[in-house]
Asker: 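What follows is a single structure, and I will ask about it in a moment.
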Amino acid sequence: MRMQQSSTVLGLTLDNGLLTAAEFKRPNGSARLLRQTKAPLTLNPLRDEPELVGREIRNLLNQAQISTKTCVVGVPVHWMLTVHVKLPVIEEADLPGLLEIEAERGFPCNVDELQISTQLYQTGQGERYASIIGVPKAYLERLEAVLVAAQLKPASFSIGLASLPEALTGTVTVEIADSRLDLLLGTPAGIVSLRTIESAFDSEGADRRVQT
């Protein structure tokens, strides 16, 4: 389904055992928040049966009175694999072949198992770089099956962290997910760096401190 066919759209993430959903109406090209919810999931989208996970998600959305079916889905950063490449001076026609070689060399798995997106950017000194981002296709296929079981129609999958305000304005965006830190450095040209830091906190009783 094309996005313009629906006047409302659902933004959705499933990360760290948590469902986060926001329903928007899109009058005249703008976006107005209608309803939102955040609720824990008892089932794991990657491990449990898609039909059961989908039923749980549908029940949570119904409880929040969210009825929109068309959704855009934020994919967790810790699903991502990244390769960063400094590009030599080459003909543009040779660039796809170079990026393919760098992906095969840099990723710890067969590139055929990944859904790959490439972001090109240039420094103020004129040096060119590429961020090659890969997500396991099996994860996306499983996630899509869960969403279909929840009676949803996924229109797109993208990096959830990149959708936050000012994420692509030359700043570092940090999101805390339980004991994990997700970091994104983005520019208007695209994503420069993307990283997950596991076990980023020390706990002392009820207090948590970042391991500086």
Asker: Taking the side chain as everything from C-beta on, heavy atoms only, tell me whether Ile159 gets closer than 4.5 Å to Ser117.
Answerer: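 No, too far: nothing below the 4.5 Å cut-off.
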Asker: Would you please say whether a donor-acceptor pair under 3.5 Å links the side chains of Thr42 and Glu56?
Answerer: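 Per modelled atom types, Thr42 and Glu56 side chains form a pair under 3.5 Å.
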Asker: Compare every heavy atom of Glu144 with every heavy atom of Pro154, then report the nearest pair and how far apart it is.
Answerer: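 Heavy atoms only, the tightest pair is CG-CG, 4.0 Å.
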Asker: In Å and rounded to the nearest 0.5 Å, what is the CG to CG distance from Leu87 to Leu98?
Answerer: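 Atom-to-atom, Leu87:CG and Leu98:CG are 6.5 Å apart.
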Asker: Please list all pairs meeting ring-ring contact (aromatic ring centres under 6.0 Å, His included) that have one or both residues in residues 144-190, counting only residues at least two apart or in different chains.
Answerer: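 Not a single pair qualifies under ring-ring contact (aromatic ring centres under 6.0 Å, His included).
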Asker: Which residue is it: Lys69, Arg35, Arg32? I am looking for the one with a salt bridge (Lys or Arg N to Asp or Glu O under 4.0 Å) to Glu23.
Answerer: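 When Lys69, Arg35, Arg32 are each tested with Glu23, the salt bridge (Lys or Arg N to Asp or Glu O under 4.0 Å) holds only for Arg35.
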Asker: Calculate, to the nearest 0.5 Å, the distance between atoms CG and CD1 belonging to Leu114 and Ile133 respectively.
Answerer: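 These two atoms lie 12.0 Å from each other.
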Asker: Measure the acute angle between the ring planes of Tyr121 and Tyr129, then classify it against the limits of 30° and 60° as parallel, tilted or perpendicular.
Answerer: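 If you compare the ring of Tyr121 with that of Tyr129, the planes turn out parallel.
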Asker: Considering only heavy atoms from C-beta outward, does the side chain of Leu152 approach that of Leu61 to under 4.5 Å?
Answerer: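 Yes. Closest side-chain heavy atoms under 4.5 Å.
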Asker: Without hydrogens or angle criteria, can the side chains of His78 and Asp15 be said to hold a donor-acceptor pair below 3.5 Å?
Answerer: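 A pair is found: one side chain offers a donor N or O, the other an acceptor, under 3.5 Å apart.
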Asker: Taking all non-hydrogen atoms of both residues into account, name the closest pair between Val75 and Leu140 and its distance.
Answerer: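 For Val75 and Leu140, the tightest heavy-atom pair comes out as CG2-CD2, 4.1 Å.
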Asker: Are Leu46 and Trp79 side-chain neighbours, meaning at least one heavy-atom pair lies under 4.5 Å?
Answerer: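 In short, these two side chains touch, coming nearer than 4.5 Å.
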Asker: Between Arg180 and Asp182, does at least one N-O distance fall below 4.0 Å, as a salt bridge requires?
Answerer: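 Looking at Asp182 together with Arg180, the answer is yes, because their closest N to O distance falls below 4.0 Å.
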Asker: State, yes or no, whether a side-chain contact exists between Phe24 and Thr68 at a heavy-atom distance under 4.5 Å.
Answerer: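 Phe24 vs Thr68: side chains apart.
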Asker: What is the distance from atom CG of Leu147 to atom CD1 of Ile57, rounded to the nearest 0.5 Å?
Answerer: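 Reported value, rounded in 0.5 Å steps: 6.0 Å.
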Asker: Going by atom types only, do Arg55 and Asn59 share a side-chain donor-acceptor pair under 3.5 Å?
Answerer: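 Their side chains do not contain a donor-acceptor pair, so the 3.5 Å distance test is not met.
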Asker: Using the side chain to side chain contact (heavy atoms under 4.5 Å, CB included) rule, pick out the option among Glu102, Arg105, Arg128 that qualifies with Val85.
Answerer: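 Answer after filtering Glu102, Arg105, Arg128: Glu102.
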Asker: Tell me the closest heavy-atom pair linking Pro40 and Leu60, and the distance in Å.
Answerer: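 For Pro40 versus Leu60, the nearest heavy atoms are O-CD1, 4.0 Å.
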Asker: Would you indicate whether Glu91, at its atom CD, is surrounded by more than 12 heavy atoms from other residues, nucleotides or ligands within a distance under 6.0 Å?
Answerer: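 No, not enclosed.
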Asker: Counting neighbours of CD on Gln211 that are heavy atoms of other residues, nucleotides or ligands and sit closer than 6.0 Å, is the number greater than 12?
Answerer: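 Atom CD in Gln211 is crowded, with more than 12 foreign heavy atoms closer than 6.0 Å.
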Asker: Pro45 and Val146: which non-hydrogen atoms are nearest, and at how many Å?
Answerer: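 Answer, listing the atom of Pro45 first, then Val146: O-CG2, 3.8 Å.
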Asker: Is Leu12 reachable from Leu18 through a run of I, L, V, M, F, W or Y residues, each pair having side-chain heavy atoms under 4.5 Å apart?
Answerer: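 Cluster IDs for Leu18 and Leu12 differ.
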Asker: To check you understand the geometry: which heavy-atom pair defines the closest contact between Gln119 and Ile191, and what is its length?
Answerer: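 That would be OE1-N, 3.2 Å.
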Asker: Is there a path of hydrophobic side-chain contacts, each under 4.5 Å between heavy atoms of I/L/V/M/F/W/Y residues, joining Val148 to Leu19?
Answerer: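 As far as the 4.5 Å side-chain criterion goes, Val148 and Leu19 are not connected within one cluster.
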Asker: Any chance you could measure Lys38, atom NZ, to Thr20, atom OG1, to the nearest 0.5 Å?
Answerer: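 Those atoms lie 4.5 Å apart.
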Asker: Are Ile197 and Ile176 in one and the same hydrophobic cluster, where Ile, Leu, Val, Met, Phe, Trp and Tyr link if side-chain heavy atoms are under 4.5 Å apart?
Answerer: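 Yes; tracing contacts between hydrophobic side chains, which count when under 4.5 Å, links both residues.
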Asker: When hydrophobic residues are tied together by side-chain contacts of less than 4.5 Å, even through go-betweens, does Ile101 share a cluster with Ile132?
Answerer: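 Shared cluster, no.
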Asker: Do Val73 and Ser158 have side chains that approach each other closer than 4.5 Å (heavy atoms only, starting at C-beta)?
Answerer: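 Sidechains of Ser158 and Val73: no contact.
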Asker: Output all residues satisfying side chain to side chain contact (heavy atoms under 4.5 Å, CB included) with Thr171, sequence neighbours left out; order by chain, then residue number.
Answerer: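 Applying side chain to side chain contact (heavy atoms under 4.5 Å, CB included) to Thr171 gives Thr169, Thr173.
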Asker: Looking at Pro188 and Gly170, what are the two nearest heavy atoms and their distance?
Answerer: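 Scanning both residues completely, I find the closest heavy atoms to be CD-N, 4.4 Å.
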Asker: Does any part of the side chain of Glu113, heavy atoms only, come nearer than 4.5 Å to the side chain of Pro136, both counted from C-beta?
Answerer: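 No. Closest side-chain heavy atoms not under 4.5 Å.
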Asker: Under the 3.5 angstrom rule, does the side chain of Thr70 hit a backbone N or O of Val9 as a donor-acceptor pair?
Answerer: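 Not a single qualifying donor-acceptor pair exists.
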Asker: In terms of hydrophobic clustering (I, L, V, M, F, W, Y; side-chain heavy atoms under 4.5 Å; direct or indirect links), are Val135 and Leu184 co-clustered?
Answerer: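 Cluster IDs for Val135 and Leu184 match.
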Asker: Rounded at 0.5 Å granularity, tell me how far CD in Glu51 sits from CZ in Arg58.
Answerer: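 That separation rounds to 15.5 Å.
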Asker: With rounding to the nearest 0.5 angstrom, report the CG to OG1 distance, Leu10 to Thr37.
Answerer: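 So the CG of Leu10 and the OG1 of Thr37 are separated by 10.5 Å.
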